[in-house]
2 protein chains.
Amino acid sequence: MAQDLKLTKNQSLVFDKLSAAPGPLSAYDLLDQLRDQGLKAPLQIYRALEKLQEIDLVHRLESMNSFVACAQPNCHAKTGLVAFAICEKCGVVSEFSDEVVQTRLAAWADERSFTTTKTSLEIRGLCQGCG
Amino acid sequence: MAQDLKLTKNQSLVFDKLSAAPGPLSAYDLLDQLRDQGLKAPLQIYRALEKLQEIDLVHRLESMNSFVACAQPNCHAKTGLVAFAICEKCGVVSEFSDEVVQTRLAAWADERSFTTTKTSLEIRGLCQGCG
DNA sequence: ATGCCATACGTTATATCATAACACAATCCA
DNA sequence: TGGATTGTGTTATGATATAACGTATGGCAT
Ligand SMILES: [Zn+2]
Ligand SMILES: [Zn+2]
Ligand SMILES: [Zn+2]
Ligand SMILES: [Zn+2]
């Protein structure tokens, strides 16, 4: 909420909803939960999400078509790679990063002159409590 | 084609089409290309893809909702982790694996008693030719 | 061979996820 | 103050994926 200053009304609504959620939400989940606040169309959600992703306040989970608020105050996505561990039972998502993995992937790309724009790394499984 | 022996007609059609393709195809791309062969409904494609993924002949690219035939005769997905580098311009997908990354992620999971069932790692960007 | 089970198939309908196109409003900043 | 940029609201449409139903096929134990 502190850095919401730059956010528009719709962006704030979406970000606050995601921040308060215990797990990832789909765009349509968000829409359903924000109809009270006047949002009516999917595009309103997707546009807010798009901006929030650009500034790394929100991440998209590719493997489940849904979105989470960033866990870190200063997300590592800004500088490097973010990874997610997703529990398939309780839905909890852990955001983390790993220098070694990041270095390793950078090396792979460098050796092949591959210019990386975005990396997605998602681990699915069961968390400690659910395993 | 050699190991198609175990595959059903629809599975073979889908796998052969994917194998011949220069890049990833969506389920509906496949459907369009297989109407001649009698396939009519999305489910026919999705069911074939499901089976093909189970036996690691086909991989799903989460970040683009599409599918590729496995590049390796004996895919590393059976034993460990597969990664993909996807060129956003020409569409070429490179399948690779990395022991260090794999080990590193396994360690992360182990430390947190997270039971991994599937990992997806996709690097988007520009390949050498397109960069 | 018969009966049974597991898997695959075909079909229709529906659910879920995402963007195109257009007009208008707010904001920034030269 | 005016032009550029960004955000908004709305309608329509496109793209991806699954539910539910019944039938058919193939392996395999009796
Ligand atoms: Zn983050
Ligand atoms: Zn859990
Ligand atoms: Zn493979
Ligand atoms: Zn390329």
Side-chain angles (χ1 to χ4, degrees), chain A residues 3-18 21 23-68 86 88 91 118 120 122 124, chain B residues 3-18 21 23-68 86 88 91 118 120 122 124:
Chain A
Q3 44 194 319
D4 285 18
L5 302 179
K6 321 174 60 172
L7 299 183
T8 67
K9 171 168 153 284
N10 287 1
Q11 288 160 12
S12 290
L13 287 171
V14 168
F15 179 67
D16 289 349
K17 208 44 123 171
L18 269 183
L25 296 175
S26 74
Y28 281 77
D29 289 339
L30 284 163
L31 179 55
D32 287 342
Q33 296 188 27
L34 288 171
R35 285 192 195 279
D36 307 347
Q37 335 288 324
L39 298 205
K40 293 171 184 171
L43 256 195
Q44 295 177 293
I45 306 294
Y46 281 108
R47 291 202 273 228
L49 286 170
E50 183 178 27
K51 187 65 180 178
L52 291 167
Q53 286 176 262
E54 278 173 15
I55 57 182
D56 289 313
L57 283 181
V58 162
H59 303 303
R60 175 186 168 83
L61 300 176
E62 303 285 358
S63 67
M64 55 191 305
N65 298 328
S66 61
F67 305 84
V68 286
I86 303 165
E88 292 178 319
K118 181 166 192 293
S120 84
E122 300 176 18
R124 319 277 312 226
Chain B
Q3 45 194 318
D4 284 17
L5 302 178
K6 321 174 62 173
L7 300 183
T8 67
K9 172 167 153 283
N10 287 1
Q11 289 159 14
S12 291
L13 287 171
V14 168
F15 179 66
D16 289 349
K17 207 46 121 172
L18 270 182
L25 297 175
S26 74
Y28 282 77
D29 289 339
L30 285 163
L31 179 55
D32 286 343
Q33 295 188 25
L34 288 172
R35 287 193 194 277
D36 307 346
Q37 336 288 323
L39 298 203
K40 293 172 186 171
L43 256 195
Q44 297 177 291
I45 306 293
Y46 281 108
R47 291 202 273 229
L49 286 171
E50 183 178 27
K51 187 64 180 181
L52 290 167
Q53 285 176 263
E54 278 174 15
I55 57 182
D56 289 313
L57 283 181
V58 163
H59 303 303
R60 176 188 168 82
L61 301 176
E62 304 285 358
S63 68
M64 55 190 304
N65 298 326
S66 60
F67 305 84
V68 286
I86 303 165
E88 293 178 319
K118 182 167 192 295
S120 85
E122 299 176 19
R124 318 274 315 224

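Values below: every heavy atom of this structure, side chains too, minus hydrogens, waters and symmetry copies. Chain letters run A, B, ... following the sequence lines, proteins first and then strands; every chain starts at 1.
Following rounding to the nearest Å, B/Leu7 (CG) and C/dT7 (P) show an atom-to-atom distance of 16 Å. In this entry the distance linking CD1 of A/Ile45 with P of C/dT16 reads 16 Å, nearest Å. Between A/Glu50 atom CD and D/dT8 atom P the separation is 11 Å, expressed in whole Å. Atom CG in A/Leu31 sits roughly 13 Å away from atom P in C/dT16 (whole-Å rounding). Across the protein-nucleic acid pair, B/Leu49 atom CG and C/dC9 atom P stand 12 Å apart, rounded to whole Å.
Phosphate contact (OP1/OP2 of C/dT7, side-chain N/O of B/Lys51, threshold under 4.0 Å): absent. Distances shown here put every side-chain N or O of B/Gln44 at or beyond 4.0 Å from the OP1 or OP2 atom of C/dC9. Contact annotation: B/Thr8 reaches the phosphate of C/dC9 (side-chain N/O to OP1 or OP2, under 4.0 Å).
With C/dC9, D/dT8, D/dT10 as the candidates, the nucleotide lying closest to the side chain of A/Ala41 is D/dT10.
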Does the pair B/Leu7 and B/Ile55 meet the rule for a side chain to side chain contact (heavy atoms under 4.5 Å, CB included), with working shown? CA-CA 10 Å; B/Leu7 300 183; B/Ile55 57 182; 3.8 Å; yes
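Salt bridge A/Glu62/B/Arg124: absent, no basic N to carboxylate O contact under 4.0 Å.
A search for salt bridge (Lys or Arg N to Asp or Glu O under 4.0 Å) contacts involving B/Lys9 returns nothing, not counting sequence neighbours. A/Gln53 is linked by a side chain to side chain donor-acceptor pair (under 3.5 Å) to nothing, counting only residues two or more places apart in sequence or in another chain. In this view, B/Glu122 satisfies the salt bridge (Lys or Arg N to Asp or Glu O under 4.0 Å) rule with no residue, not counting sequence neighbours. In this view, B/Lys51 and B/Glu54 satisfy the salt bridge (Lys or Arg N to Asp or Glu O under 4.0 Å) rule, not counting sequence neighbours. By the side chain to side chain donor-acceptor pair (under 3.5 Å) test, B/Asn65 pairs with B/Arg60, sequence neighbours left out.
Shortest non-hydrogen contact noted between A/Leu31 and A/Pro42 is CD2-N, 3.9 Å. B/Val14 and B/Ala48 get closest at one heavy-atom pair: CG2-CB, 3.8 Å. Closest approach of A/Met64 and A/Ile86 over heavy atoms only: SD-CG2, 3.8 Å.
Within the 4.5 Å cutoff, side-chain heavy atoms of A/Leu30 are placed close to those of A/Leu49. The side-chain heavy atoms of A/Leu34 and A/Asn10, taken from C-beta on, include no pair separated by under 4.5 Å.
With rounding to the nearest 0.5 angstrom, the CG atom of A/Leu52 is 7.0 Å from the CZ atom of A/Phe15.
The rotation axes computed at either terminus of the helix from C/dA1-D/dT30 to C/dA30-D/dT1 lie 40° apart, taking five pairs at each end and rounding to 10 degrees.
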Which atoms of nucleotides 15-22 of chain D (N or O only) lie under 3.5 Å from a protein N or O atom, and what are those distances?
unit_1: D/dA17; atom_1: OP1; unit_2: B/Arg60; atom_2: NH1; d: 3.0
unit_1: D/dA17; atom_1: OP1; unit_2: B/Arg60; atom_2: NH2; d: 2.5
unit_1: D/dA17; atom_1: OP2; unit_2: B/Tyr46; atom_2: OH; d: 3.0
unit_1: D/dA17; atom_1: O5'; unit_2: B/Tyr46; atom_2: OH; d: 3.4
unit_1: D/dA17; atom_1: N7; unit_2: B/Tyr28; atom_2: OH; d: 2.7
unit_1: D/dA17; atom_1: N6; unit_2: B/Tyr28; atom_2: OH; d: 3.4

Please list each protein N or O that sits under 3.5 Å from an N or O in nucleotides 25-30 of chain C, with the distance.
none

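Applying the side chain to side chain donor-acceptor pair (under 3.5 Å) rule to pairs touching residues 27-50 of chain A yields A/Ser26-A/Asp29, sequence neighbours excluded.
Near-neighbour residues of DNA chain D inside residues 33-40 of chain A, defined by a heavy atom below 4.0 Å, number-ordered: A/Lys40.
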